[in-house]
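Read the structure below first, then the notes.
Just so you know, ligand 1 is whichever comes first in the structure, and atom 1 is the first atom listed for that ligand.
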Amino acid sequence: MKASHWPADLQQIRRLRLFHNVAVGSLNRLLKEFRACELEAGEVLLTPFNRNHHLYLLLQGQLKVYLGSLDNQPVSTLAAGDCVGEISFIDNQQPSAYVVATEPSSVLRLHRESLLKLSEHSPQLMQNLLELLCTRVRQGNQQILDSEQNANIDTLTGAFNRRWLEHVYQRESTRCAFNGRPLAMLMLDVDHFKAYNDQHGHLAGDYALCLVANTLRNQLRPKDSLVRYGGEEFVILLPEIGEEEVRRIGERLRHSLERIGSFYSPAGALPGVTVSIGLAQMRPKDSLQSLIARADQALYQAKQLGRNCLCG
Ligand SMILES: Nc1nc2c(ncn2[C@@H]2O[C@H](COP(=O)(O)OP(=O)(O)OP(=O)(O)O)[C@@H](O)[C@H]2O)c(=O)[nH]1
């Protein structure tokens with residue numbers, strides 16, 4: 001980080017979010033405390049390993065914030081007007097993240113002590129700081145939510161994964177048992193999928209799996225869960241639907257795929273696929289494993305009967 005000249009521009013300071021509506025007199029007294037610095041692209045400004053005694057105000061350029069490691073995806077991007085280092089400023093601990101300049105950037109540096117002195121006389125500064133922290137907390141919460149959701153989703157098809165199935169079964173089986181309502185499971189397996197891959201290529205197979213997931217998902221209710229259970233195997237959990245109704249739904253799903261003779265994909269036109277389906281209804285004391293075992297048994301029968309049909 002290289003020191004640079006800064007013409008002590010009060011107007012520029014007043015435009016920074018941290019100093020919004022802070023009394024001009026107070027800012028004027030603070031002006032001589034700022035130090036301007038230039039960062040090169042790729043330069044690391046803060047790391048959790050180096051104690052930080054400054055608050056940095058970004059005048060120009062761009063900074064990215066990384067949690068845990070610089071190899072992770074950045075969690076936020078800071079632009080002119082933002083400040084950085086406020087968390088270690090408040091708790092006087094190591095920085096919580098890595099902050100890196102992604103392009104040549106100019107920052108103003110203010111020592112902790114100078115800002116602390118100003119904060120004693122400026123409730124507005126403290127309010128701005130609190131608002132900044134609230135923004136950071138909200139961003140953090142959103143990131144927790146996003147990563148939690150991502151951890152439950154199969155990246156190829158966008159269907160839920162097994163981790164979600166365990167969670168949602170726990171919830172729905174308890175709820176349905178408590179309300180005396182039924183809970184059904186459909187287990188679907190794409191027919192002759194090895195041959196499909198062999199004939200059209202693995203990428204075409206991937207597109208076919210996406211087609212299956214989209215076709216199924218479009219016909220389900222928000223409270224149903226479509227789960228990619230294994231390679232070409234899907235499970236659907238349907239709360240509060242009786243056996244006959246589930247059979248009708250399963251048949252409709254099977255038929256909707258059977259009807260797709262071919263579909264367009266980025267790899268060109270591809271033939272559709274059919275599915276075999278096993279149906280099982282939750283019984284008292286069923287665990288997820290025992291319900292899956294019965295759906296799987298019914299699916300096996302459907303395969304035995306020649307595929308592209310529903311059993312159970
Ligand atoms: N393209 C693609 N293929 C996959 C994926 N996951 C599993 N597979 C393939 O799915 C095929 C499943 O083959 P099998 O278990 O023999 O079943 P099948 O050929 O569908 O035969 P039946 O189920 O008896 O009709 C294997 O060739 C796997 O490589 C995936 O994510 N993408």
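Contact between Tyr169 and Leu288 at its shortest, heavy atoms only, is CE2-N, 3.3 Å.
Between Arg136 and Glu86 there is a salt bridge, since at least one side-chain N of the basic residue sits less than 4.0 Å from a carboxylate O of the acidic one. Electrostatic pairing of Arg162 and Glu166 does not count as a salt bridge here, judged by no charged N lying under 4.0 Å from a carboxylate O. Between Glu131 and Arg17 there is no salt bridge, since none of the side-chain N atoms of the basic residue sits less than 4.0 Å from a carboxylate O of the acidic one. Of the charged side-chain nitrogens involved, none lies within less than 4.0 Å of a carboxylate oxygen, so that Arg248 and Glu251 do not count as a salt-bridged pair. A salt bridge links Lys303 with Asp191; the closest basic N to acidic carboxylate O contact falls under 4.0 Å.
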Using salt bridge (Lys or Arg N to Asp or Glu O under 4.0 Å), reason through Glu243 and Arg247 one step at a time and then give a plain yes or no. CA-CA 6 Å; Glu243 194 155 344; Arg247 190 161 290 118; 3.4 Å; yes
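The shortest contact between atom 32 (N) of ligand 1 and any protein heavy atom is with Asp206 OD1, 2.6 Å. The protein non-hydrogen atom at the shortest distance from atom 22 (P) of ligand 1 is Lys303 NZ, 3.5 Å. Atom 28 (C) of ligand 1 has as its closest protein heavy atom Asn197 ND2, 4.2 Å. Atom 19 (O) of ligand 1 has as its closest protein heavy atom Lys194 N, 2.8 Å. With respect to atom 14 (P) of ligand 1, the closest heavy atom belonging to the protein is Glu232 OE2, 4.2 Å.
Under a 4.0 Å criterion applied to the non-hydrogen atoms of Asp189, ligand 1 contributes the atoms 23 (O). Ligand-side atoms of ligand 1 in range of Arg307: 22 (P), 24 (O), 25 (O), range being under 4.0 angstrom from any heavy atom. Distances below 4.0 Å separate heavy atoms of Gly205 from the following atoms of ligand 1: 1 (N). The Gly231 neighbourhood of ligand 1 comprises atoms 6 (N), 7 (C), with distances under 4.0 Å to a heavy atom of that residue.
Proximity of a side-chain donor or acceptor of His54 to a complementary backbone N or O of Tyr56 within less than 3.5 Å is not detected. In terms of modelled atom types and a separation under 3.5 Å, the side chain of Asp296 and the main chain of Ile292 share no donor-acceptor contact.
When non-hydrogen atoms are compared, ligand 1 lies under 4.0 Å from the backbone of Val190 (N, CA, C, O) but not from its side chain.
Nearest residue to atom 1 (N) of ligand 1 from His200, His202, Glu233 is His202 (criterion: closest heavy atom).
Between the CD atom of Glu103 and the CD atom of Gln62 there is a distance of 5.0 Å, given to the nearest 0.5 Å.
Of the polar atoms of Asp191, none of the N or O atoms is found under 3.5 Å from an N or O of ligand 1, judged by distance alone. Considering both main-chain and side-chain atoms, Leu209 never comes within under 3.5 Å of ligand 1 through any nitrogen or oxygen pair. Below 3.5 Å of separation, one finds an N or O of Phe193 facing an N or O of ligand 1.
Remark: distances from the non-hydrogen atoms of Arg228 to ligand 1 include one below 4.0 Å.
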